[in-house]
Structure formats: structure tokens, C-alpha cells
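Structure, as C-alpha cells:
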Amino acid sequence: MKHNEDGSKAEDAVADYLLKRGYKIRDRNWKTLQCEIDIVAEKNDCIYFVEVKYRSNKLQGSGFDYITSAKQRQMAFSADYWVTQNRWQDEYVLSGAEVSGEHFEVEFIEEI
């Protein structure tokens, strides 16, 4: 149960981080039978598909290390699915957020 709680808190931290920087949260934990997206955010007519990775400490390595090329392909598939379903016609990018520590510190990469 602790893992799910930490994951949820990490996503909350990223959503708060994005909101404070002028992003609008369009979706959280968007899922279909084929795919899922942690956070869909919008800013300046661009959609950001955000993969959130939480690590309780740096001994586990960077959360960004876990956004592999295979994960990026999966993210691209999910983003394309969301774009089609929502008839989005403007720019969109794949993004990543690493959340670490007991204070849920956020590092965000706008385009991975």
C-alpha cells in the first residue's frame, strides 16, 4: 500500500509543480485498455504528456533512468491515442518528472 500512496503523492507533487508554473492539468491517470498517461498538462497551446517516476532516495538511481527508449515508445503510443481521442490539433511533447525523497522534490524535463 505504501508504494501506491507514494506514487499518488508524487503525482500530486508534480501536478502542483506544474500548476504553479502556469500549466493547466487536463487529465491525471488517463487510462484505456491499451495505455495510460500519468499527467496530461497544457501550456501555450501545447500538450505535455508527463511520465512521473518516484524514488524515495538517490540510492535507487534517477527516476529519469527508468524512462527508457521502450518506455518512450509506449508514451508516444499513449500520446497519439490521447491526441486522436481528444481531436488535439496543436503541438504536443513527451515529458518526464522525477520526484524524490520524503519531501517529494520535483525535477521536470519538458521534452524528453
Side-chain angles (χ1 to χ4, degrees):
M1 185 67 168
K2 176 86 169 110
H3 177 74
N4 288 342
E5 287 176 24
D6 287 344
S8 181
K9 287 179 183 178
E11 289 179 6
D12 289 345
V14 172
D16 186 53
Y17 175 95
L18 293 171
L19 287 168
K20 286 179 180 176
R21 285 157 181 79
Y23 293 81
K24 175 185 172 191
I25 305 300
R26 299 276 306 251
D27 278 306
R28 286 190 56 182
N29 296 309
W30 181 84
K31 294 179 184 176
T32 71
L33 292 175
Q34 296 82 15
C35 56
E36 77 171 277
I37 301 168
D38 293 332
I39 297 175
V40 181
E42 180 182 352
K43 185 175 182 182
N44 300 328
D45 296 322
C46 182
I47 292 289
Y48 297 84
F49 296 100
V50 185
E51 177 68 18
V52 177
K53 294 294 185 187
Y54 174 71
R55 297 292 170 258
S56 59
N57 62 60
K58 293 292 182 180
L59 295 175
Q60 296 175 304
S62 169
F64 293 122
D65 293 340
Y66 293 87
I67 304 177
T68 63
S69 57
K71 182 61 179 175
Q72 289 178 29
R73 284 191 301 276
Q74 185 181 41
M75 289 172 66
F77 174 83
S78 301
D80 289 341
Y81 200 106
W82 187 96
V83 164
T84 300
Q85 214 176 48
N86 289 274
R87 296 184 173 101
W88 183 257
Q89 308 242 341
D90 290 321
E91 182 181 3
Y92 62 96
V93 297
L94 304 180
S95 303
E98 175 190 65
V99 182
S100 60
E102 62 184 41
H103 299 292
F104 295 88
E105 297 158 15
V106 176
E107 186 176 341
F108 180 63
I109 297 178
E110 225 172 41
E111 189 168 355
I112 56 173

Verify same cluster id: Tyr54, Phe108 (apolar side-chain graph, 4.5 Å): yes
Closest contact, heavy atoms only, Ser78 versus Glu36: OG-O, 3.5 Å
Reported CD1-to-CD distance for the pair Ile47 and Gln89, which is rounded to 0.5 angstrom: 12.5 Å
Carboxylate-amine/guanidinium proximity below 4.0 Å for Lys53 and Glu51: yes
Linked, directly or transitively: Ile112 and Val83 (ILVMFWY side chains, under 4.5 Å): yes
Within-4.5 Å side-chain heavy-atom neighbours: Cys35 and Lys31: no
NZ or CZ of Arg21 within 45° of Tyr17 ring axis and under 6.0 Å: yes
Enclosure of Gln34 CD (heavy-atom neighbours >12, cutoff 6.0 Å): yes
CD (Gln85) with more than 12 external heavy atoms under 6.0 Å: yes
Heavy-atom side-chain proximity of Ile39 to Val52 below 4.5 angstrom: yes
Spacing of OG belonging to Ser95 relative to OH belonging to Tyr23, to within rounding of 0.5 Å: 7.0 Å
Lys43 atom NZ, over 12 foreign heavy atoms within 6.0 Å: yes
Asn29 and Glu11: CA distance, side-chain angles, deciding distance, side-chain contact (heavy atoms from CB on, under 4.5 Å) verdict: CA-CA 9 Å; Asn29 296 309; Glu11 289 179 6; 2.9 Å; yes
Parallel, tilted or perpendicular, as decided by the 30° and 60° cut-offs, for the rings of Phe49 and Tyr92: perpendicular
Closest approach of Ala41 to Ile25 (non-hydrogen atoms, all atoms of both residues): CB-CD1, 4.2 Å
Approximate separation, where rounding is to 0.5 Å, of Phe64 CZ and Glu107 CD: 4.5 Å
Point-to-point distance, once rounded to the nearest 0.5 Å, from CD of Glu110 to CG of Leu18: 9.0 Å
Nearest-0.5 Å distance, CG of residue Asp80 to CE of residue Met75: 11.5 Å
Nearest-0.5 Å distance, SG of residue Cys46 to CH2 of residue Trp88: 7.5 Å
ILVMFWY cluster, Ile67 and Trp82 together (side-chain gap under 4.5 Å): yes
Test applied, salt bridge (charged side-chain N to carboxylate O under 4.0 Å, His left out); reference residue, Arg28; option that passes from Asp12, Asp16, Asp38: Asp12
Charged tip of Arg55 within 45° of Tyr66 ring normal and under 6.0 Å: yes
Positive for side chain to side chain contact (heavy atoms under 4.5 Å, CB included) with Val50, one of Val40, Ile37, Ile109, Val14: Val14
Modelled atom types, side-chain donor and acceptor of Glu102 and Ser56, under 3.5 Å: no
